[in-house]
Amino acid sequence: MNNQRIAEVFDDIAGLLEIKGEKVFTVRAYQRAARTISRLPTELETMLSDGEDLRQIPGIGKAISDKIGELVDTNRMRFYDNLKSEFPDGMLDLLSVPGLGPKTISRVWKELGVTSVVELEQAASDGRLASLPRLGQKTADNILRSIQFARTQDQRTPIADALPAAERLVAALLERNTAILALAPAGSLRRFEETIGDLDLVCATHDAESVLADFVALPGVAEVLGHGGTKASVLLDDGLQVDFRAVPPRQYGSLIQYFTGSKQHNILLREHANRLGLSLNEYGISDAKTGELEEFDDEESLYRRLGLQYVPPELRMGESEVVLAREGAIPALVQVGDLRGDLHVHTDWSDGRDPIEVMVVAARECGHEYVAITDHSAGLGVANGLSPGRLASHNARLKEVERDAGGIAVLRGSEVDIRADGSMDYPDCALAELDWVVASVHSAMNQQPDVMTERIVSAIRNPHVTAIGHLTTRLIGRRQPIEADFDTIFRAAADTGTVLEINASLERLDLKDVHVRRARELGVTFVIDSDAHTAEHLDNLRFGAAVARRGWCRAEDVLNTLPAYELLALLRLPKPERAGALRARR
DNA sequence: GCCGTTTTCGGCCCGACTGTTTTCAGTCG
């Protein structure tokens with residue numbers, strides 16, 4: 001049983017216990033366990049068979065550890081089965097109706113016999129819901145509306161859609177209103193989560209009234225859900241909800257900290273504040289005894305006041321970051337400005353849009369010291385992949401372009417298919433002519449985990465393969481990742497000096513954050529690549545840097561923070577020596 | 001159910017909003 005499924009079971013348990021009226025702290029413990037499990041980089045099944053003690057994992061104690069063991073061993077859990085048998089099927093769906101919580105669910109079940117969303121809709125329409133004590137017509141109407149809304153809109157928005165939307169809104173509002181002193185996305189977008197629920201924008205201004213008026217009148221706003229003195233909520237044409245909050249600049253630090261979350265991070269921060277005799281809320285920090293409020297115009301001073309290192313938004317997941325910040329152990333994370341080149345770029349020789357010379361000039365204008373042109377190998381027929389003959393011409397053309405390019409190093413590269421049997425799509429003699437080889441899976445993505453693992457490890461062991469591209473092949477919200485033993489792959493990569501790509505394309509973000517963090521622990525070095533198919537895509541590197549940061553990477557963990565001469569020298573080494581050099585760097 | 005800078009027992013974040021109520025429970029983020 002995989003972690004995703006185990007996490008779902010604990011989420012179900014939390015929901016059922018909530019409806020049952022169990023203590024909220026018990027419910028929270030199960031919810032926390034579910035969240036932790038869903039973000040584990042290693043399968044619990046593997047950890048157990050390796051003899052690891054699951055109670056080492058924060059939030060998992062004896063009771064939950066035992067339940068996981070039972071689930072992995074027998075595929076069942078008596079506690080879960082018994083709990084489920086106390087309720088009709090469909091009850092858990094009721095928890096997903098906004099505005100309807102466990103207390104109300106329990107009442108409509110016991111008093112009206114409602115056990116599903118359809119029955120709830122019926123009861124809300126025919127007046128039975130409104131007739132219950134402490135419920136009324138308004139509540140019934142609200143529930144009816146949210147059931148209908150949830151039917152059209154229950155998906156989170158991929159960051160690939162949310163980020164451009166947010167950037168458009170920010171730019172449009174800045175252009176319209178000169179009273180804005182600061183304006184930024186907060187919430188899951190600022191933390192750079194892969195998917196976003198609703199968009200949060202926070203603003204510093206002395207004139208909230210005019211800013212809010214301009215905000216609700218922006219183009220693309222389909223409906224104004226609320227509009228008060230300091231906050232407003234709107235629905236955009238595409239269904240994305242945007243919450244906007246404006247405060248005077250002296251409170252901006254507290255506001256953006258609060259709205260950046262995550263919720264769990266804020267809980268840990270407040271628990272920490274409590275231990276210091278302080279109380280933290282979105283307006284500032286108050287002394288528990290005197291009640292006196294201290295305000296913060298920036299986040300750095302807020303964290304400092306709590307005796308903590310600054311925690312970058314990408315790390316605010318409510319895991320170990322608050323403890324580490326107290327110990328001063330948050331590393332200096334890699335920044336997009338540290339990147340000196342891009343090593344995965346396509347041109348119109350395969351499935352890119354722009355000619356080689358356009359991509360090279362564009363890369364130079366990004367400030368890059370080097371760029372690898374990595375058009376597809378022949379196996380990828382749909383992508384107009386290069387035959388070995390065309391590859392030789394490609395190499396020659398790259399040398400010509402480099403001569404005219406004004407100082408940027410142009411690496412002869414290729415994105416080579418890893419075939420289903422683990423062999424490479426070019427013979428070794430062709431690979432040996434290249435400076436940079438990205439090996440990627442583009443076919444047979446549904447292989448059994450052990451077959452897929454062996455296939456990728458074969459590519460890693462090839463002496464000419466420098467990097468593995470978009471390891472999991474997932475497309476966010478559209479295609480599931482491959483199944484494989486990632487620890488084995490990470491160990492092989494670290495061992496052989498094969499770097500793993502963090503593909504910065506917003507549709508991919510592959511490796512993903514938790515894999516980066518785990519691979520880093522196992523000694524892997526990464527390369528952050530745009531996978532650009534047009535010149536505009538070169539700017540994507542910033543997204544890859546954000547994923548690397550979410551994976552706790554420092555500049556030393558990333559190959560393309562090296563200056564050109566060091567990178568080229570490293571690539572001239574045979575792989576075993578390169579592996580040693582990479583280890584020495586970290 | 002978890003966990004330890006005050007705790008192996010007794011805590012566990014904080015405030016806003018809504019709708020139903022005359023003082024607050026439920027839900028949400």
Side-chain angles (χ1 to χ4, degrees), chain A residues 10 13-15 17-37 54-68 79 83 94-108 129-143 145-146 156 186-188 191 196-200 202 225-226 228-231 233 241 243 245 251 254-255 257-286 288 291 293 306-308 316 318 322-323 326-327:
Chain A
F10 283 113
I13 290 175
L17 288 177
E18 218 179 351
I19 297 171
K20 195 173 168 180
E22 182 59 81
K23 288 195 303 289
V24 336
F25 298 110
T26 307
V27 171
R28 235 171 69 180
Y30 280 107
Q31 284 169 338
R32 183 183 179 199
R35 195 172 44 240
T36 301
I37 291 167
L54 301 185
R55 286 177 298 182
Q56 300 301 311
I57 303 169
I60 300 203
K62 171 148 177 39
I64 290 181
S65 168
D66 287 350
K67 289 184 172 73
I68 293 170
F79 178 76
L83 190 61
L94 290 172
L95 272 177
S96 64
V97 177
L100 188 71
K103 298 287 194 300
T104 314
I105 291 173
S106 176
R107 290 188 57 200
V108 298
L129 193 60
S131 73
L132 291 179
R134 290 199 64 84
L135 287 170
Q137 195 55 48
K138 269 194 166 165
T139 307
D141 290 346
N142 284 341
I143 286 175
R145 214 157 354 116
S146 58
R156 290 172 65 85
S188 47
R191 300 196 308 273
I196 273 72
D198 27 292
L199 212 55
D200 297 300
V202 294
L225 301 172
T230 61
K231 57 193 281 194
S233 289
Q241 181 173 329
D243 297 331
R245 184 110 175 223
Q251 292 183 338
S254 289
L255 180 77
Q257 194 288 318
Y258 171 73
F259 276 103
T260 298
S262 63
K263 186 175 164 176
Q264 192 59 33
H265 174 80
N266 286 352
I267 289 175
L268 294 181
L269 217 54
R270 286 164 181 191
E271 284 173 352
H272 172 77
N274 287 350
R275 284 192 285 269
L276 300 178
L278 302 170
S279 174
L280 173 66
N281 65 24
E282 62 255 57
Y283 305 109
I285 295 175
S286 46
L293 182 75
L306 294 172
L308 299 173
R316 299 183 197 167
V322 174
V323 172
R326 200 176 67 206
E327 296 166 354

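In what follows, every chain begins at residue 1, and chains take the letters A, B, ... in the order their sequences are listed. Owing to the predicted nature of the structure, the values given are computational and were not obtained by experimental measurement. Values reported hereafter were calculated over all heavy atoms of this structure, with side chains retained and with hydrogens, waters and symmetry mates removed.
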Give [X] one of three labels, base, sugar-phosphate or nothing, depending on what nucleic acid heavy atoms sit under 4.0 Å from its own.
X	result
A:Asn266	nothing
A:Leu100	sugar-phosphate
A:Gln137	sugar-phosphate
A:Ile64	sugar-phosphate
A:Leu276	nothing
A:Asp243	nothing
A:Leu269	nothing
A:Tyr283	sugar-phosphate
A:Pro133	nothing
A:Thr139	sugar-phosphate
A:Lys263	base

Main-chain N/O of [Y] paired to [X] side chain as donor or acceptor, under 3.5 Å:
X	Y	answer
A:Ser233	A:Asp243	no
A:His272	A:Val322	no
A:Asn274	A:Gly277	no
A:Ser106	A:Pro102	no

Of all heavy-atom pairs between A:Arg156 and A:Ser188, which one has the smallest distance, and what is that distance? NH2-OG, 4.1 Å
What is the minimum heavy-atom distance between A:Ala29 and A:Ile64, and which atoms define it? O-CD1, 4.1 Å
Chain A footprint on DNA chain B, 5' to 3' - any atom under 4.0 Å from a heavy atom: B:dG1 to B:dG29
Roughly how far apart, to the nearest Å, are [N] and [M] at atom [atom1]?
N	M	atom1	result
B:dG4	B:dT8	C1'	8 Å
B:dG19	B:dT23	C1'	14 Å
B:dG10	B:dG15	P	26 Å
B:dT20	B:dC13	C1'	26 Å
B:dT7	B:dC12	P	15 Å
B:dA16	B:dG11	P	26 Å

For B:dG4, what is the paired nucleotide under Watson-Crick or G-U wobble rules, both distances under 3.5 Å? B:dC9
Please compare A:Ile57 and A:Leu135 by the position of their nearest nucleotide in DNA chain B and report the one closer to 5'. A:Ile57
For A:Asp141, what residues pass the salt bridge (Lys or Arg N to Asp or Glu O under 4.0 Å) criterion, not counting sequence neighbours? none
Under a 4.5 Å cut-off applied to non-hydrogen side-chain atoms, are A:Asn266 and A:Leu280 in contact? no
